[in-house]
Amino acid sequence: MVDVLDDLQWRGLLGQSTDEAALRSALAEPLTFYVGFDPTAPSLHIGHLVQILVARRLQRAGHHPLLLVGGATGLIGDPKPTAERQLNDAEVVAGWVERLRGQIEPYVELDGPNPARMVNNLDWTSQLSALDLLRDVGRHFRVGRMLAKEAVAARMASAEGISYTEFSYQVLQAMDYLELHRRHGCTLQFGGSDQWGNVSAGVDLVHRVQRTAVHGFTVPLLTKADGTKFGKTESGTVWVDPALTSPYAFHQFWLNVEDASVDRYLRVLTDRSREDLEALAGRTAERPGAREAQRTLARDVTALVHGAAAVDAAEAAAAALFGRGDLEALPEDVLGAALAELPHAVVGEGARTVVELLVATGLCASRSAARRAVADGGAYVNNTAVADGDAELADDQLLQGRWALLRRGKRTLAAVDARPR
RNA sequence: GGCAGGUUGCCCGAGCGGCCAAUGGGAGCUGACUGUAAAUCAGCCGGCACAGCCUUCGCAGGUUCGAAUCCUGCACCUGCCA
């Protein structure tokens, strides 16, 4: 049995932490830990997935998970270093809490001898009066330290400044730790590396109030090789919700990961063993063009999030659409299944021009952008470059008398369904 | 409440009466090369009925033949003072 902490370290999941030796000895016995997710969107994204998987690794090592969805903190908003957040309506946040809960639960064990528990910080903050907050909680916080937090300091230095609302966020989150310590004996919190300030604030508060040393660590945020944002495609964030990011698009995202990062992602997002991954890295170094590592990553992570059937569908679709073979030669069922994975537009009666179709399918944001794509030589119908954007789609271009495959650039696809009239 | 400074396209940031759809950088898109990778090079990067036209430079008015640029009011941000 590999030591959890060693495993986390090897996978690159350990960032800052409170006293590491103390943390290590604490983890020698089963302990209760928590990680929190704020409902700031209707779905979790792949950045959150990293955190959930850390919780899962800890649970599998015998520790007791408390998974917090921040019904209260989500109403306030963790200060971003750049700008003030737009506050969301209470009903909206409450709805998101439910959705996130549902998205988190599948990744952990909710039954059995060591079940994960879901908690919501609204439970212990909604009835708290402002005076109680100021008298009982506020007195444990020093403004100087609060101002020193990275995000707060950044905002203080910005032209916009920071509202008292967001400034208070760290108090709420620290209270969570204290509350979970009291209620459930929680002695470890982790979070993304941007959460270090909040994690340590919680550790401090528990120490002040309970006179107990508790632990905390951060998980480095996943980055691309050049240090830039991870988890974005041109159409935005990669979500876990299949309605927001289709399983096909999800699979493609991982398949397109740059060589320099694929090994790191595999360690973070899959359960594969060290030996397994080192062997894979060796094969990748020999034949990078085969992209075996990317294929493995795409397969594992898509299966984890969307299930094995989704992997098969995504792979089959990609094989059909990116294959060198003639699209016309594809059997109808294969083609139909592949196209079904793509964003598509149904066009009725009226013949449409390529420019119109590029916009209708969402491949281009505007007609101007579509014209540009055509002018750049980056628009294709059925894998053939389009010369004239105003040309209408001809009946004899339709696959199986009905479909057309639209492509912008090398790998952005969409389907056109010209239903029989 | 007073005084000073600020608000420009996704972000940063020039512009300070016509030559401005607006310099530059970043991000992004496309092409070439390759491997649905990276790097590199080239083009693009408000909208449309696209050699032209329309709508933009916090908001609303005004001055002017003409404003992102000047004036007035309002909103918000920052700093100093009360």
Side-chain angles (χ1 to χ4, degrees), chain A residues 79-87 152-167 223-238 248-266 280-281 283-299 302 314-325 327 338 341-342 353-356 358-359 361-380 383-390 405-414:
Chain A
K80 287 193 289 187
T82 46
E84 192 85 5
R85 286 178 190 272
Q86 178 75 41
L87 291 180
V152 175
R155 287 279 293 284
M156 290 295 289
S158 77
E160 191 186 11
I162 183 168
S163 68
Y164 185 69
T165 307
E166 291 194 2
F167 177 62
T223 56
K224 302 220 298 186
D226 58 6
T228 57
K229 62 189 173 181
F230 157 83
K232 298 278 184 187
T233 67
E234 66 167 287
S235 46
T237 305
V238 180
Y248 171 80
F250 188 87
H251 181 268
Q252 285 285 312
F253 171 79
W254 299 110
L255 199 61
N256 287 318
V257 160
E258 52 191 352
D259 291 2
S261 300
V262 69
D263 182 54
R264 276 190 302 128
Y265 296 171
L266 279 163
L280 179 58
R283 291 197 296 282
T284 302
E286 265 173 55
R287 294 173 51 241
R291 295 178 24 256
E292 185 184 348
Q294 278 90 341
R295 289 179 208 286
T296 304
L297 178 69
R299 194 174 297 140
T302 306
E315 286 185 343
L321 302 173
F322 283 101
R324 295 225 159 258
L327 284 172
E341 298 292 327
L342 305 176
T353 66
V354 174
V355 163
E356 286 167 332
L358 285 168
V359 175
T361 51
L363 241 36
C364 294
S366 67
R367 298 172 62 91
S368 292
R371 283 179 197 289
R372 255 180 257 128
V374 172
D376 286 345
Y380 308 78
N383 291 341
T384 305
V386 174
D388 177 9
D390 290 318
L405 176 67
L406 243 61
R407 175 154 64 89
R408 196 205 64 220
K410 218 179 268 191
R411 56 196 190 196
T412 313
L413 302 171

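Per chain, numbering begins at 1; letters A, B, ... match sequence-line order.
Minimum heavy-atom separation, A:Leu363 to A:Ala414: CD1-CB, 3.6 Å. When all heavy atoms are compared, the tightest approach of A:Tyr265 to A:Thr223 is OH-O, 3.0 Å.
For B:U64, there is no paired base (Watson-Crick or G-U wobble, both distances below 3.5 Å). The partner of B:C19, taking Watson-Crick or G-U wobble pairs whose two distances both stay under 3.5 Å, does not exist in any strand shown. Nucleotide B:C50 has no partner under the Watson-Crick or G-U criteria, as no pair reaches both atom distances under 3.5 Å. B:G5 and B:C77 make up a base pair, with Watson-Crick or G-U wobble contacts both under 3.5 Å. Under the Watson-Crick or G-U wobble criterion, with both distances below 3.5 Å, B:U55 has no partner in any strand shown. In this structure B:U40 sits in a base pair with B:A32, meeting the Watson-Crick or G-U test at under 3.5 Å.
A:Glu315 and A:Arg299 are joined by a salt bridge, as a carboxylate oxygen and a charged side-chain nitrogen come within less than 4.0 angstrom of each other.
Between A:Val359 and A:Glu356 the shortest side-chain heavy-atom distance does not fall below 4.5 Å. The shortest distance between side-chain heavy atoms of A:Val257 and A:Leu297 falls below 4.5 Å.
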Next on the checklist: One pair to check against side-chain contact (heavy atoms from CB on, under 4.5 Å): A:Arg291 and A:Val262. What are the steps and the verdict?
Outcome noted: CA-CA 10 Å; A:Arg291 295 178 24 256; A:Val262 69; over 6 Å; no
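Atom C1' of nucleotide B:C29 and atom CG of A:Leu363 are separated by 12 Å, given to the nearest angstrom.
In the set B:U36, B:G35, B:U30, the nucleotide with an atom closest to the side chain of A:Arg408 is B:U30.
To the nearest whole angstrom, the two P atoms, one in B:C44 and one in B:G35, are 28 Å apart. Distance check on atom P: B:A60 versus B:G9 gives 15 Å, rounded to whole Å. Spacing of P atoms, B:C11 relative to B:A4, comes out at 30 Å, to the nearest Å. Going from the P atom of B:C45 to that of B:A38 covers 23 Å, rounded to whole Å. Spacing between B:G1 and B:C74 at atom P, rounded to whole Å, works out to 11 Å. Taking atom P in both B:U63 and B:U72, one finds a spacing of 15 Å when rounded to whole Å. For the C1' atoms, the distance linking B:G13 with B:G6 amounts to 14 Å, nearest Å. Of the P atoms belonging to B:A75 and B:A21, the separation is 32 Å, rounded to the nearest Å.
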Checklist outcome for this item: Per-nucleotide protein contact along nucleotides 37-50 of chain B, 5' to 3', at a 4.0 Å heavy-atom cut-off (B base, S sugar-phosphate only, - neither), is BS----BSS-SBSB
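Within the 4.0 angstrom heavy-atom criterion, base atoms lie near A:Ala318. At the heavy-atom level, A:Tyr380 lies under 4.0 Å from the strands shown only through sugar-phosphate atoms.
Under the 3.5 Å distance criterion, the side-chain polar atoms of A:Arg283 are left unmatched by any main-chain donor or acceptor of A:Ala285.
Taking for each of A:Gly409 and A:Gly289 the nucleotide of RNA chain B with the nearest heavy atom, the 5'-most of the two is the partner of A:Gly409.
By the 30° and 60° cut-offs, the orientation of the rings of A:Phe250 relative to A:Trp254 is perpendicular.
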